[in-house]
Engineer: 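This is the structure, below, for whatever I ask next.
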Amino acid sequence: MINLELPKKLRASANQAHQVASQIFRPISRKYDLGEHEYPVELDTMAAMVDGLSDSGTQKISGASGGRSDDEAPTTDVLLNANGGNMSALLNALETSWGDVGLMLSIPYQGLGNAAIAAVATDEQLERFGKVWASMAITEPSFGSDSAAVTTTAVLDGDEWVLNGEKIFVTAGQRSTHIVVWASVDRKLGRAAIKSFVVPRDAPGLSVARLEHKLGIKASDTAVLLLQDCRIPKDNILGSPEVNVEKGFAGVMQTFDNTRPMVAAMAIGVTRAALEELRAILTDAGIEISYDTPVNNQHAAAAEFLRMEADYESAYLLALRAAWMADNKKPNSLEASMSKAKAGRTGTDVTLKSVELAGAVGYSQRLLLEKWGRDSKILDIFEGTQQIQQLIVARRVLGKTSAELK
Ligand SMILES: Cc1cc2nc3c(=O)[nH]c(=O)nc-3n(C[C@H](O)[C@H](O)[C@H](O)COP(=O)(O)OP(=O)(O)OC[C@H]3O[C@@H](n4cnc5c(N)ncnc54)[C@H](O)[C@@H]3O)c2cc1C
């Protein structure tokens, strides 16, 4: 029998993240939406807390730092299933995004690059990069969705890699202490030569060209980075430096198996926030949401609410499955993409529909609904757009290669 209850340990850590979200994030949510690019100093206190907690060996509060498939995995007592780093990171990301997803993306030491490191690093590298705040730089001016089109180069020169290229739209690209950069070690060999490199913030030749102004997640800094003869140590390449043409770029792509469920969790967190707000508004307006009466006999707004809540539940369960598979060492590329597609779509649908059903107050800045409508859109874009996730799902289901189905 499937047991959908969260184990006690995970419930406790999710509750802790929820407290952070409601007591630290929500009160400052509007402030940093209006003050784009202002550094959320309140998060420094949180970083100290996170540090203290991980030093003491208790649960991490938040973010995407988990995801190591061989993390020490607490087992549930029923079926000996593992619930490790992916599951706890997913729940924490969900809860903190319920508070504010822009702030969640700005939590020190919890960047998407951390999940990338966890997915691909050797044990020695994991030890060395265990306490960094890593952003992730894949996108370039010449491409976004087609991650095989990387033009940034990495050339080995003695004991150092020399990187050259431009990376755009890097989340936490200014604030993070390290950046995981995708670059080609030999452009003649195509996608198989794309590797990821950990670039420290103070590496010579690395600079921030500018920050982007955006529709939403304004608390999060999105940077353009320049790598101009940027030198990093030889052993900062993640995974093997060998180019295996047979294997393609499966190595770096593995990152997405961990990060996509995490982004799905962010969308699910924002979705839940909007549903809770909408429920309160509808209840105030005297509209009853019933689980006993057929939807066609209920108020139209209540029927919409129930439809959206069902989407929320399915997005949540798909994300849990993807993370659970990662923790249990099961290949999960299909499920990771399914969960991100469903959650990304649900996030934008539910937040904007909630604005609509709330009427003028939903559109005003008196509530956070309009902000969530803006914030949620990015979750259906980065780490692979809606269309790209559907393409991946179609390829997997139909057994087609990327050359056969574009
Ligand atoms: C706020 C923000 C933060 C970001 N953070 C990061 C980050 O931290 N690191 C990073 O590397 N990148 C980041 N990105 C970049 C993001 O990942 C890309 O924007 C995304 O991958 C889409 O790429 P693109 O913008 O070039 O769009 P394109 O690839 O040009 O796509 C444009 C449209 O065409 C669709 N499309 C493309 N190919 C196909 C296809 N084969 N079939 C059907 N439809 C298709 C897409 O779905 C999209 O709707 C960020 C972007 C933003 C806006």
Side-chain angles (χ1 to χ4, degrees), residues 32-33 36-37 63-64 93 97 100-107 110-117 133-152 163 165-176 178-183 194-199 208 210-227 249 252-253 255-256 258-260 262-264 266-267 270 337 340-341 344-345 347-348 371 374-395 398 400-406:
Y32 289 105
D33 181 47
E36 188 172 23
H37 299 159
S97 301
D100 186 297
V101 71
L103 290 169
M104 183 272 164
L105 288 164
S106 307
I107 300 174
Q110 311 286 316
L112 282 173
N114 289 81
I117 293 173
W133 175 4
S135 52
M136 177 123 161
I138 303 170
T139 308
E140 298 182 4
S142 57
F143 80 91
S145 295
D146 182 10
S147 18
V150 167
T151 65
T152 297
L163 276 68
E166 180 177 346
K167 293 291 179 183
I168 59 172
F169 289 103
V170 182
T171 298
Q174 186 182 45
R175 296 173 189 156
S176 58
H178 290 66
I179 301 111
V180 175
V181 172
W182 282 25
I194 299 169
K195 303 283 172 183
S196 44
F197 299 83
V198 183
V199 179
V208 175
R210 63 168 197 280
L211 296 179
E212 298 290 347
H213 293 281
K214 310 184 293 289
L215 174 73
I217 58 161
K218 287 170 185 268
S220 163
D221 59 314
T222 308
V224 173
L225 300 178
L226 300 179
L227 299 140
F249 72 150
V252 280
M253 288 300 278
T255 308
F256 290 131
N258 284 10
T259 56
R260 285 177 174 157
M262 225 56 77
V263 176
M266 295 175 203
V270 183
S337 285
K340 185 171 184 296
R345 204 165 57 233
T348 47
K371 177 182 180 300
R374 288 183 285 113
D375 285 351
S376 62
K377 188 65 202 169
I378 189 56
L379 306 170
D380 206 23
I381 296 177
F382 67 15
E383 295 295 299
T385 62
Q386 176 66 220
Q387 291 76 9
I388 294 301
Q389 305 306 334
Q390 292 201 28
L391 190 58
I392 294 168
V393 170
R395 279 182 197 143
L398 300 172
K400 304 258 187 215
T401 63
S402 52
E404 289 167 338
L405 193 59
K406 295 185 185 178

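Just so you know, ligand 1 is whichever comes first in the structure, and atom 1 is the first atom listed for that ligand. In this chain, numbering begins with 1 at the start of the sequence shown. Please read all numbers here as calculations on a predicted model, not as lab measurements. Any value given below was found using the heavy atoms of this structure, including those in side chains, with hydrogens, waters and symmetry copies removed.
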Engineer: Going by the closest heavy atom to atom 19 (O) of ligand 1, which one wins out of L105, I381, D146, L405?
Structural biologist: I381
Engineer: Does L112 reach ligand 1, in the sense of a heavy atom lying below 4.0 Å from it?
Structural biologist: no
Engineer: Identify the protein heavy atom lying closest to atom 42 (N) of ligand 1, giving its residue, its atom name and the separation to 0.1 Å.
Structural biologist: L391 CD2, 4.4 Å
Engineer: Would you kindly specify which portion of T385 sits under 4.0 Å from ligand 1, judged on non-hydrogen atoms: side chain, backbone, both or neither?
Structural biologist: side chain
Engineer: Would you mind telling me if ligand 1 is within reach of the side chain of E212, the backbone, both or neither, using heavy atoms under 4.0 Å?
Structural biologist: neither
Engineer: Establish whether atom 25 (O) of ligand 1 and some protein heavy atom are separated by less than 4.0 angstrom.
Structural biologist: no
Engineer: Taking the side chain as every heavy atom from C-beta outward, state whether R374 and K371 have any atom pair closer than 4.5 Å.
Structural biologist: yes
Engineer: Look at atom 45 (C) of ligand 1 and say which protein heavy atom is nearest, naming residue and atom and giving the distance to 0.1 Å.
Structural biologist: Q387 CB, 4.1 Å
Engineer: Can you tell me which residue and heavy atom of the protein come closest to atom 38 (N) of ligand 1, and the distance to 0.1 Å?
Structural biologist: I388 CD1, 3.7 Å
Engineer: Is the closest protein non-hydrogen atom to atom 1 (C) of ligand 1 under 4.0 Å?
Structural biologist: yes
Engineer: Looking only at protein heavy atoms, which one is nearest to atom 6 (C) of ligand 1, and how far off is it?
Structural biologist: F169 O, 2.5 Å
Engineer: Tell me: protein heavy atom nearest atom 23 (O) of ligand 1, and distance?
Structural biologist: G144 CA, 3.1 Å
Engineer: Tell me: protein heavy atom nearest atom 31 (O) of ligand 1, and distance?
Structural biologist: S145 OG, 3.7 Å
Engineer: Could you identify the single nearest non-hydrogen protein atom to atom 52 (C) of ligand 1 and state the distance to 0.1 Å?
Structural biologist: I378 CD1, 3.3 Å
Engineer: Tell me which protein heavy atom sits closest to atom 15 (C) of ligand 1, plus the residue, atom name and distance to 0.1 Å.
Structural biologist: T139 OG1, 3.2 Å
